[in-house]
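Here is the structure we will look at, set down as structure tokens.
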Amino acid sequence: MGAKTLITVAPTGAESAKADVPALPVTLEELTQTAKECEAAGAAVIHVHIRDDEARPTLDPVRLRDTVRALRESTGLIVQLSTGGAVTDSFDDRLRVLEAGPDGCSLTCGTVNFGDDVFMNPWPFMVDLYQRTQELEIVPEFELFDLGQIASLHRLLDKHGAPYGGRVHCDLVMGVPGGMPGDAATLIDAVRALPEGATWSATGVGRTSLPVMFAALSAGGHLRVGMEDTLTLAKGRPVTANAELVERAVSAATLAQRPPMPTAEAREFLGVKAR
Ligand code: KMH
Ligand code: ZN
């Protein structure tokens with residue numbers, strides 16, 4: 001069990017509309033402000049989805065590059081770009097995300113039903129994306145929405161070697177309608193199936209966020225929180241800023257005697273390249 005807790009914030013996502021969730025950071029200014037607040041609260045990694053001028057999800061290469069630069073200038077956070085994007089994004093656009101030069105990126109290990117949609121991650125796409133992370137020296141975080149995806153992760157590592165940085169770090173994304181449920185028993189099953197030596201975070205979507213957070217802390221895992229996954233603190237209490245979710249994670253981790261991991265330590269922990 002690690003002595004510290006790596007806290008990742010996923011502030012925006014691709015699914016919620018600004019019109020429905022006014023506190024969602026969608027402009028570069030809102031995103032950098034959120035990032036600063038979350039870093040001050042104890043986050044070490046930011047998982048980034050960006051929006052266009054109409055607040056719709058986009059993978060525009062210029063905006064992505066500007067976003068990476070702005071986050072680096074205004075924070076010390078590890079910048080992890082989403083390669084999942086929105087369910088409507090093309091594979092080519094998703095591969096091109098890496099050209100923005102982030103520290104890390106998400107890499108989902110299989111196709112999964114995603115509410116009424118399908119989040120497509122066929123094997124050839126996973127391999128292309130993985131090999132590009134190796135070439136471009138970007139640390140992948142393996143996003144696992146279902147137990148079968150863990151078998152695909154083993155296959156990826158067996159066939160294509162270790163990730164850039166040499167560490168295998170995963171995020172269990174639990175409670176998505178179509179993926180694995182967000183409960184303690186499933187979390188334990190998933191952790192047992194991970195590759196030997198892998199480190200992991202867990203994320204519980206919606207009302208599974210607290211059960212998953214407590215299960216992850218008690219099983220020695222790390223945490224991802226944020227408005228990509230969770231929009232209410234409790235019934236009838238909407239999140240008004242991502243920092244509230246980071247603060248809640250910091251409180252739980254500190255109570256568990258696993259205080260937040262500082263960013264410098266997180267860079268070492270994840271094997272991120274000095275840029
Ligand atoms: N927005 C989802 C379709 C990722 O960021 O890599 C995919 C997602 C995973 O959020
Ligand atoms: Zn995401």
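Numbers here simply count residues along the sequence, with the first being 1. One-based numbering, in listed order, for ligands and for the atoms of each. Remember, predicted model here, so these are calculated numbers, not experimental data.
Within the 4.0 Å heavy-atom cutoff, Ala10 does not count among the residues contacting ligand 1.
The aromatic rings of Phe142 and Tyr130 sit tilted relative to each other, their planes meeting at an angle between 30° and 60°.
When the heavy-atom distances from atom 8 (C) of ligand 1 to His49, Gln80, Glu143 are ranked, the shortest goes to His49.
At a threshold of 4.5 Å between side-chain heavy atoms, the hydrophobic network of Ile, Leu, Val, Met, Phe, Trp and Tyr places Leu187 and Val112 in two separate groups.
To the nearest 0.5 Å, atom OG1 of residue Thr83 and atom CD of residue Glu143 are 8.0 Å apart. Annotation: the span from Glu228 atom CD to Ser16 atom OG amounts to 9.0 Å, rounded to 0.5 Å.
Looking at atom 6 (O) of ligand 1, its nearest protein heavy atom turns out to be Ser106 OG, 2.6 Å. In terms of protein heavy-atom proximity, atom 7 (C) of ligand 1 is closest to Phe119 CZ, 3.4 Å. Looking only at heavy atoms of the protein, atom 5 (O) of ligand 1 is closest to Ser82 OG, 2.6 Å.
Here Glu143 fails the criterion, with no N, O or S atom under 2.8 Å of the Zn ion (ligand 2).
One finds no salt bridge joining Arg51 and Asp60 here, because no Lys/Arg side-chain nitrogen approaches an Asp/Glu carboxylate oxygen to under 4.0 Å.
Between Gly84 and ligand 1, at least one N/O pair is under 3.5 Å apart.
For Asp158, the CG atom sits in a packed shell: over 12 heavy atoms of surrounding residues, nucleotides or ligands are nearer than 6.0 Å.
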